[in-house]
Amino acid sequence: MAAYNTVVVGTDGSESSLAAVERAAKVAADSAATLVIACAYYPASRERVDKARDVLGDEAYQVVGSAPAEETLRTARERATKAGAISLETVAVVGSPVESLRKIVRDHDADLLVVGNRGLNTLAGRILGSVPSEVARKSGVDVLIVHTT
């Protein structure tokens, strides 16, 4: 019996989250599990994206999804395949990262959720809430927080 059957990993396109995708792909490959790569995003007008960039700088993608979700998922799929994932799905969901990841875990009956540790000790993480700490408390499944920074 495999350790895990379905592994969900969240990505926002950052290098940190893509490192978590690579680790999740290795875990999924070792368990012969399906890997579901998820990207939560907020559709936003150009004006909102520019305003978020003014306030948060490089952290703006976490708030308004300034990187297109489909491109983020394409990049993550390539990294996961190179890392050994065989059975692979991608999902883009409109909404907050934590609630979107919880929904994807439920919808796919996942038994492991993987996220990067970025946000645990950042200013943006303290202001906006830390995705790793929130999903660890709320997901209801095993959570692997990958040290990526």
Side-chain angles (χ1 to χ4, degrees), residues 1-44 48-49 52 55-56 58-81 83-149:
M1 180 175 176
Y4 297 106
N5 294 309
T6 304
V7 176
V8 171
V9 61
T11 183
D12 58 15
S14 66
E15 278 305 312
S16 175
S17 73
L18 291 171
V21 167
E22 291 170 353
R23 179 67 55 85
K26 291 174 184 174
V27 170
D30 287 347
S31 296
T34 297
L35 178 63
V36 179
I37 304 171
C39 180
Y41 69 98
Y42 295 114
R48 288 192 68 201
V49 170
V55 174
L56 296 172
D58 291 341
E59 303 295 317
Y61 68 87
Q62 295 177 341
V63 180
V64 295
S66 61
E70 294 303 324
E71 180 63 21
T72 296
L73 290 171
R74 185 193 61 73
T75 301
R77 178 186 270 289
E78 288 174 2
R79 295 262 191 114
T81 300
I86 297 169
S87 177
L88 197 56
E89 296 177 38
T90 59
V91 181
V93 179
V94 174
S96 72
V98 173
E99 291 309 313
S100 295
L101 287 171
R102 290 180 67 208
K103 179 182 183 335
I104 292 164
V105 163
R106 285 189 309 271
D107 290 352
H108 287 84
D109 196 26
D111 39 16
L112 177 65
L113 175 59
V114 179
V115 292
N117 71 326
R118 187 165 189 243
L120 287 173
N121 293 312
T122 65
L123 176 60
R126 288 191 296 272
I127 293 170
L128 303 171
S130 167
V131 171
S133 65
E134 287 290 309
V135 296
R137 284 196 319 264
K138 296 180 177 179
S139 70
V141 298
D142 290 353
V143 176
L144 171 60
I145 298 175
V146 178
H147 183 75
T148 61
T149 56

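- Listed by chain and residue number, T148 satisfy the side chain to side chain contact (heavy atoms under 4.5 Å, CB included) test with A19 (two or more places apart in sequence, or in another chain).
- Considering all non-hydrogen atoms of both residues, S31 and Y4 come closest at CB-O, 3.4 Å.
- Few gaps surround CZ on R79; more than 12 heavy atoms of other groups in view lie less than 6.0 Å from it.
- Taking both residues in full, the closest heavy atoms of V21 and A76 are given as CG1-O, 3.5 Å, listed atom of the first, atom of the second, then distance.
- When every heavy atom of A80 is checked against every heavy atom of L35, the shortest pair comes out as CB-CD2, 3.8 Å.
- We find the CD-OG1 distance between E22 and T11 to be 10.0 Å, quoted to the nearest 0.5 Å.
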Next item on the list: Start with the C-alpha gap between E78 and R74, add the side-chain angles, then the distance that decides, and say whether salt bridge (charged side-chain N to carboxylate O under 4.0 Å, His left out) holds.
Entry: CA-CA 6 Å; E78 288 174 2; R74 185 193 61 73; 2.4 Å; yes
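- When each of V114, V9, L113 is paired with L101, the side-chain contact (heavy atoms from CB on, under 4.5 Å) condition holds for L113 and for no other.
- Contact check for T6 versus D109: no side-chain heavy atoms found under the 4.5 Å cut-off.
- Between A29 and G84, the closest heavy-atom pair is CB-O, 3.3 Å.
- Across every non-hydrogen atom of V141 and A110, the tightest pair is CG1-O, 3.4 Å.
- Contact record, T72 with G13: CG2-N, 3.3 Å, taken as the closest heavy-atom pair.
- Looking at I104, V91, T90 one by one, the single match for side-chain contact (heavy atoms from CB on, under 4.5 Å) with I37 turns out to be T90.
- Listed by first and then second residue, the salt bridge (Lys or Arg N to Asp or Glu O under 4.0 Å) pairs that reach into residues 93-105 are E99-R102, K103-D107, sequence neighbours excluded.
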